[in-house]
Amino acid sequence: MIAEEKRAQRRAHIADAAMRLFTERGFDAVTVNEVAEAAGVVKATLFNYFPTKESLVLHVLDDDLARVVAERAPGRTPLRALREHYRGAVAEPAGSYVPELRTMVRVIQQSPALIAGVSRFRGEQAAALVKALVEAGEPDGMRVRLMAAHIVTAVSTVQETFFQRLTDGMSPLDAGRLVGGDLDLAFDLLERAFGGEEK
């Protein structure tokens with residue numbers, strides 16, 4: 001447990017150092033070597049925690065939808081499990097990490113490399129989700145690919161809208177109230193299109 005905590009602390013320290021540099025100079029102007037030096041680690045250590053430069057920022061978006069589906073409770077459909085997962089996430093107060101979210105959004109919006117990285121990340125999420133949905137019993141084919149793509153798009157749209165509201169100055173309390181309704185709307189639409197009965 002102590003080793004896991006130390007690893008998490010070092011990972012957070014590296015990410016914080018990177019975000020300070022990216023905020024000051026822009027993502028594209030900062031090198032990985034500069035991030036490693038600012039964090040007090042060698043480049044190889046940095047890459048043990050973050051496999052790419054983009055992941056120093058985009059790790060915040062790294063929500064494993066495929067794992068949620070694979071580890072869902074018995075009798076839960078994939079869509080029900082995902083809805084409950086996100087409902088639980090938005091129940092946590094946003095206030096403590098709002099400054100970090102606002103900074104992350106600004107850094108991403110100012111970097112073509114990060115905007116492209118978000119797109120690649122969403123594609124990887126969808127591919128992993130297809131595999132998890134097939135293992136959960138969905139027939140392989142176009143329907144499951146469309147299902148995964150729609151889930152990833154719906155979730156990312158809700159997340160990005162929430163981030164943008166915070167960046168635009170909306171209070172965490174008001175943004176949190178709205179995101180719950182956004183999630184319900186997204187999953188209501190997904191369940192109409194792709195839903196099944198609980199087993």
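Along the sequence shown, residues are numbered consecutively beginning with 1. Worth knowing before you read on, the calculation uses all heavy atoms, side chains too, and leaves out hydrogens, waters and symmetry mates.
When every heavy atom of Ala81 is checked against every heavy atom of Val68, the shortest pair comes out as O-CG1, 3.8 Å. In terms of heavy atoms, Val158 sits closest to Ala186 at CG2-CB, 4.1 Å. When all heavy atoms are compared, the tightest approach of Thr52 to Ser55 is O-OG, 2.6 Å. Residues Val130 and Ala148 come closest through the heavy atom pair CG2-CB, 3.5 Å.
Without hydrogens or angle criteria, Ser111 side chain to Ile108 main chain gives no donor-acceptor distance under 3.5 Å. Side-chain atoms of Arg11 come within 3.5 Å of backbone atoms of Tyr49 as a donor-acceptor pair (strictly under, hydrogens ignored). Within the 3.5 Å criterion, the main-chain N or O of Leu166 finds a donor-acceptor partner in the side chain of Arg102. At least one donor-acceptor pair closer than 3.5 Å links the side chain of Arg72 to the backbone N or O of Val69.
Among pairs with a residue in residues 101-149, none fulfils ring-ring contact (aromatic ring centres under 6.0 Å, His included), at least two apart in sequence or across chains. The stretch residues 14-24 participates, sequence neighbours left out, in no salt bridge (Lys or Arg N to Asp or Glu O under 4.0 Å) pair at all. Among residues at least two apart or in separate chains, ring-ring contact (aromatic ring centres under 6.0 Å, His included) pairs with a member in residues 132-154 are His150-Phe194.
Atom CG of Leu114 and atom CE of Met104 lie 10.0 Å apart (nearest 0.5 Å). Here the OG1 atom belonging to Thr103 is positioned 4.5 Å from the CZ atom belonging to Arg106, to the nearest 0.5 angstrom. Taken to the nearest 0.5 Å, the CZ atom of Arg120 stands 5.5 Å off from the CD atom of Glu54.
Here His59 pairs with Phe50 under the ring-ring contact (aromatic ring centres under 6.0 Å, His included) rule; sequence neighbours left out. In this structure Arg122 satisfies the salt bridge (Lys or Arg N to Asp or Glu O under 4.0 Å) test together with Glu160, sequence neighbours excluded. Every residue two or more places apart in sequence or in another chain that forms a salt bridge (Lys or Arg N to Asp or Glu O under 4.0 Å) with Asp188 is listed here: Arg83. The salt bridge (Lys or Arg N to Asp or Glu O under 4.0 Å) search around Arg165 returns Asp182, not counting sequence neighbours. Under the rule for a salt bridge (Lys or Arg N to Asp or Glu O under 4.0 Å), the partners of Arg67 that lie at least two apart in sequence or sit in another chain are Glu71. Residues forming a ring-ring contact (aromatic ring centres under 6.0 Å, His included) with Phe27 (at least two apart in sequence, or on another chain): Phe22.
Counting heavy atoms from C-beta outward, Pro78 and Leu129 have side chains that stay 4.5 Å or more apart. Between Phe47 and Val32, the closest side-chain pair of non-hydrogen atoms falls below 4.5 Å. Between Val155 and Phe187, the closest side-chain pair of non-hydrogen atoms falls below 4.5 Å. Considering only heavy atoms from C-beta on, Ile151 comes within 4.5 Å of Leu79 through its side chain. Between Val105 and Gln164, some side-chain heavy-atom pair lies under the 4.5 Å cut-off.
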Listing, residues 35-45 side-chain donor-acceptor contacts under 3.5 Å, not counting sequence neighbours, or none:
none

Considering only distance and modelled atom types, tabulate donor-acceptor pairs under 3.5 Å from the side chains of residues 133-142, sequence neighbours left out.
{"unit_1": "Glu138", "atom_1": "OE1", "unit_2": "Arg143", "atom_2": "NH1", "d": "2.7"}
{"unit_1": "Asp140", "atom_1": "OD1", "unit_2": "Arg145", "atom_2": "NH1", "d": "2.6"}
{"unit_1": "Asp140", "atom_1": "OD1", "unit_2": "Arg145", "atom_2": "NH2", "d": "3.4"}

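Within the hydrophobic cluster formed by Ile, Leu, Val, Met, Phe, Trp and Tyr side chains joined at under 4.5 Å, directly or through other members, Leu178 is accompanied by Met170.
A single hydrophobic cluster is seen to contain both Ile115 and Phe163, as judged by linkage of ILVMFWY side chains at heavy-atom distances under 4.5 Å, directly or through other members.
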From CA spacing to verdict: side-chain contact (heavy atoms from CB on, under 4.5 Å), Lys53, Thr31: CA-CA 8 Å; Lys53 181 183 173 186; Thr31 68; 6.0 Å; no
